[in-house]
Every structure is written in C-alpha cells, then in structure tokens.
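A quick write-up on the structure given underneath.
We use all heavy atoms of the structure for the numbers below, so side chains are in, but hydrogens, waters and symmetry mates are not.
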Amino acid sequence: QVQLVESGGGLVQAGGSLRLSCTASGRTFSTYAMGWFRQAPGKEREFVAAIRWSGSSTYYAASVKGRFTISRDNAKNTVYLQMNSLKPEDTAVYYCAASVHSLPGSLISKGAQYDYWGQGTQVTVSS
C-alpha cells in the first residue's frame with residue numbers, strides 16, 4: 001500500500017501564493033504518476049495537475065495553466081503544487097493521488113485511474 005499525506009494548505013488573499021506538498025510512503029519503489037485534484041463544496045472533484053514519477057511530463061487543467069506548477073523530488077518521495085496568482089475560485093480541498101500504472105496522456109487527468117489518495121488539505125482564497 002502507498003500512503004499519501006498532503007500539507008501546505010491555508011488562507012491566502014487573492015493574488016497570493018501557496019505551495020502544497022504531498023509525501024508518499026509505503027510502496028515508494030513503485031513507478032507511478034502523481035496528480036493533484038480539488039473539490040469545492042457542491043461541486044465534483046476536478047483534475048488540477050499531474051506529473052510522471054519516472055519522467056518529466058506534466059499536465060494541467062486549463063483553469064490553472066500558467067498559474068500553477070507541479071514538480072517532484074524523488075529523493076524525498078514528494079510532489080509539490082506551487083500555486084501563484086490565486087483566485088477565490090481556487091478555493092477547495094486539494095487532494096494528492098498516485099497511480100501504480102504509467103498512464104497515457106488521455107487518462108492521466110481521470111481520477112478513476114488513480115489508486116491511492118491523500119486526506120486532502122484546505123485552500124481558501126479570500127477576495
């Protein structure tokens with residue numbers, strides 16, 4: 001099993017920045033994709049960003065492209081989400097997810113393709 005723990009959420013003013021972290025433990029020898037998803041009250045979970053654990057390819061939702069950056073530090077078994085120019089509509093619980101499979105680009109944004117999920121961290125952006 002893989003355990004994922006998110007951290008770094010909080011309250012920030014519009015236009016500000018936050019960096020979320022997700023640290024994996026357990027089956028960290030596995031090669032898998034890592035993704036960030038978010039869910040706002042009353043809305044469905046949506047894809048935010050993803051990165052391949054064994055490569056450098058990154059993927060972003062159109063709503064965050066140019067503002068958010070996903071990165072990884074394999075030595076620390078950690079993936080990051082740097083969030084800049086935050087907007088009130090970014091307010092949500094952000095979840096880290098991991099897949100034990102190498103996902104093609106057509107599937108890497110699909111939450112159902114991920115095998116493990118963290119507990120979530122709250123991000124609130126005030127206006």
Side-chain angles (χ1 to χ4, degrees):
Q1 190 176 22
V2 174
Q3 296 81 43
L4 304 174
V5 179
E6 303 100 330
S7 63
L11 175 64
V12 65
Q13 292 185 349
S17 299
L18 285 173
R19 189 175 77 158
L20 306 183
S21 299
C22 173
T23 299
S25 62
R27 278 172 45 199
T28 56
F29 58 85
S30 299
T31 299
Y32 43 73
M34 301 289 294
W36 287 97
F37 295 77
R38 66 187 183 186
Q39 187 168 24
K43 296 185 177 180
E44 296 296 316
R45 181 179 61 196
E46 66 174 342
F47 169 76
V48 177
I51 188 169
R52 300 192 185 279
W53 210 239
S54 60
S56 59
S57 298
T58 57
Y59 306 82
Y60 297 95
S63 60
V64 306
K65 190 175 296 183
R67 299 188 297 121
F68 291 9
T69 302
I70 189 170
S71 62
R72 59 179 170 82
D73 185 340
N74 287 347
K76 298 180 179 179
N77 297 317
T78 299
V79 63
Y80 304 96
L81 185 68
Q82 178 67 47
M83 306 185 295
N84 298 327
S85 302
L86 283 162
K87 305 175 181 179
E89 50 263 46
D90 295 318
T91 296
V93 177
Y94 283 70
Y95 296 93
C96 176
S99 174
V100 299
H101 303 102
S102 180
L103 302 175
S106 61
L107 297 178
I108 205 163
S109 65
K110 306 296 184 181
Q113 300 299 319
Y114 289 79
D115 305 289
Y116 301 99
W117 294 82
Q119 83 288 346
T121 186
Q122 176 71 48
V123 172
T124 303
V125 184
S126 64
S127 59

Salt bridge (Lys or Arg N to Asp or Glu O under 4.0 Å) partners of Arg19, counting only residues at least two apart: none
Under 3.5 Å donor-acceptor, Tyr60 side chain and Ile70 backbone: yes
ring-ring contact (aromatic ring centres under 6.0 Å, His included) with Tyr114: which residues, sequence neighbours excluded? Phe37
Are Ile108 and Met34 grouped together when hydrophobic residues (ILVMFWY) are joined by side-chain heavy atoms under 4.5 angstrom apart? no
Closest non-hydrogen atom pair, Leu4 against Ala24: CD2-CB, 3.6 Å
Is it possible for you to say whether Tyr95 and Ile51 belong to one hydrophobic cluster, with membership spreading through side-chain heavy-atom contacts below 4.5 Å? no
Note: Thr78 and Lys76 closest approach over all heavy atoms is OG1-O, 2.8 Å
Non-neighbouring partners of Ser109 that pass side chain to side chain donor-acceptor pair (under 3.5 Å), sequence neighbours left out: none
With hydrophobic residues grouped by side-chain heavy-atom distances under 4.5 Å, do Tyr116 and Leu20 end up in a single group? yes
Taking side-chain hydrogen bond (donor to acceptor under 3.5 Å, both in side chains) as the cut-off, I'd like each qualifying pair that reaches into residues 39-50, sequence neighbours left out, listed once. Arg38-Glu46
Please list every donor-acceptor pair under 3.5 Å in which a side-chain atom of residues 120-127 meets a protein atom from a residue at least two apart or in another chain.
{"unit_1": "Thr121", "atom_1": "OG1", "unit_2": "Gly9", "atom_2": "N", "d": "3.2"}
{"unit_1": "Gln122", "atom_1": "NE2", "unit_2": "Ala92", "atom_2": "O", "d": "3.4"}
{"unit_1": "Gln122", "atom_1": "NE2", "unit_2": "Thr124", "atom_2": "OG1", "d": "3.3"}

Can you name the residues that form a ring-ring contact (aromatic ring centres under 6.0 Å, His included) with Tyr80, not counting sequence neighbours? none
Can you name the nearest heavy-atom pair linking Trp36 to Leu81, along with the distance? NE1-CB, 3.6 Å
Under 4.5 Å between side-chain heavy atoms, hopping through other hydrophobics if needed: is there a path connecting Leu103 to Trp117? yes
